[in-house]
Amino acid sequence: MTTTTQTQLNQEEIKPAIGSRILNTKEELLSGDIAGEIRDLLEARGVLVFPQINFTPEEQVAFTKTLGTFAPEGDDEGVTKITLDVKENPQSAEYLKGSLYWHIDGTRNEVPILASLLSCKVPSPKGTGNTGFSNTYSAYDALPDETKAEIDDLHVLHAPWASLFYYSPEPALAMLKGMQSIGEKELPLVWEHASGRKSLVLGCTSHHVIGVDHQKSAEIIHGLREWATGPEFTYSHEWEVGDLVIWDNTGTMHRAEAYDPECGRMMLRTKLEGEEPWAS
Ligand code: OGA
Ligand code: MN
């Protein structure tokens, strides 16, 4: 008689509304045997943590490829260095300042990135530089029915230049124009996914709600952001060297919590290509 050993997904919940920890070995993850289950769990839980899995950059790329279509960015190894340190990241340290505020990656894309994978090479000192995540499916689901009815058909103009004012309140005109040249995009405030589930589309790129008085527009954007980033729907990950975290970029927001740009914090990111366009 032959026996086949099947890899079992080994996971535990972090908080009721968000996050699971996956405890499988590196070999089990790289085999791809449980890739389908990981994808389902990612959609269900928003954020998956792989504690001290210690992938090399090549392994992080290989693991990313087991989960879907690899979205190329970054260096020759296929990973992108994420740090606010201008010495390490002369091109994008400035742009990354926006990542200190709640956001969704790539709101200007026709098809938003499905997921981002971030691994920790060098953590910042404890108490700084966690990454926060908000489950925007759970946050929408828990809204009162009358609020859902009010917001279901609204649209929001998203613009990277709107996030510039969060960290540079009096920008030089050249900087403002540079950010404006990246583009803008109108997105639904409530995204009804092909699955039928609905999530909130918010974050620091939200400029205004289309066709709504400007004060009311700000109340909607900031009120829902406050709601979605409250304790019930959020998880703050304190990094250890070697941790890997994946977030479902279509059903979560995230942000880096403040850290000293010169403390050496160094993260490596890979991304999965999106599979579903924004609803219109
Ligand atoms: C990102 C990002 C947050 C962090 O890589 O897209 O927002 O904690 N990173 O570095
Ligand atoms: Mn980001």
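Start at 1 and go down the list; that is how both ligands and their atoms are numbered. As a basis for the values below, the full set of heavy atoms in this structure was taken, side chains included, without hydrogen atoms, waters or symmetry mates.
D105 and S116 share a side-chain donor-acceptor pair at under 3.5 Å. In summary, the side chains of T131 and W239 do present a donor paired with an acceptor at a separation below 3.5 Å, with no hydrogens or angles considered. Side-chain polar atoms of W278 and E110 form no donor-acceptor pair below 3.5 angstrom. For the residue pair Y140/D152, the side-chain donor-acceptor check at 3.5 Å is satisfied.
With respect to T205, the side chain to side chain donor-acceptor pair (under 3.5 Å) criterion is satisfied by exactly one of H158, K185, H103: H158. Remark: of the listed residues E192, E43, E276, E43 is the sole one forming a salt bridge (Lys or Arg N to Asp or Glu O under 4.0 Å) with R197.
When only interatomic distances are considered, the shortest N/O to N/O separation between R265 and ligand 1 falls below 3.5 Å. Among the atoms of R255, none of the N or O lies under 3.5 angstrom from an N or O of ligand 1. For ligand 1, the polar-atom distance check finds an N/O of R269 within less than 3.5 Å of one of the ligand's N/O atoms.
Other residues, nucleotides and ligands place more than 12 heavy atoms under 6.0 Å from the CD atom of E240.
For ligand 1, the atoms sitting less than 4.0 Å from at least one non-hydrogen atom of D105 are 6 (O), numbered in the order shown with element in parentheses. Heavy-atom contacts of S99 reach the following atoms of ligand 1: 7 (O) (cutoff under 4.0 Å).
Residue H254 touches ligand 1 through its side chain alone, judged by heavy-atom distances below 4.0 Å.
Within D105, the N, O or S atom at minimum distance from the Mn ion (ligand 2) carries the name OD1.
Of the protein's heavy atoms, T131 OG1, 2.6 Å lies nearest to atom 8 (O) of ligand 1. In terms of protein heavy-atom proximity, atom 4 (C) of ligand 1 is closest to A256 CB, 3.5 Å. The protein non-hydrogen atom at the shortest distance from atom 9 (N) of ligand 1 is L118 CD2, 3.9 Å.
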Please report the C-alpha distance between F133 and F233 in whole Å, then the side-chain angles of each, then the deciding distance to 0.1 Å, and finally whether the ring pair (Phe, Tyr, Trp, His ring centres under 6.0 Å) criterion is met.
CA-CA 8 Å; F133 300 95; F233 312 115; over 10 Å; no
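Note on ligand 1: H103 sits in its first shell, one or more heavy atoms being nearer than 4.0 Å.
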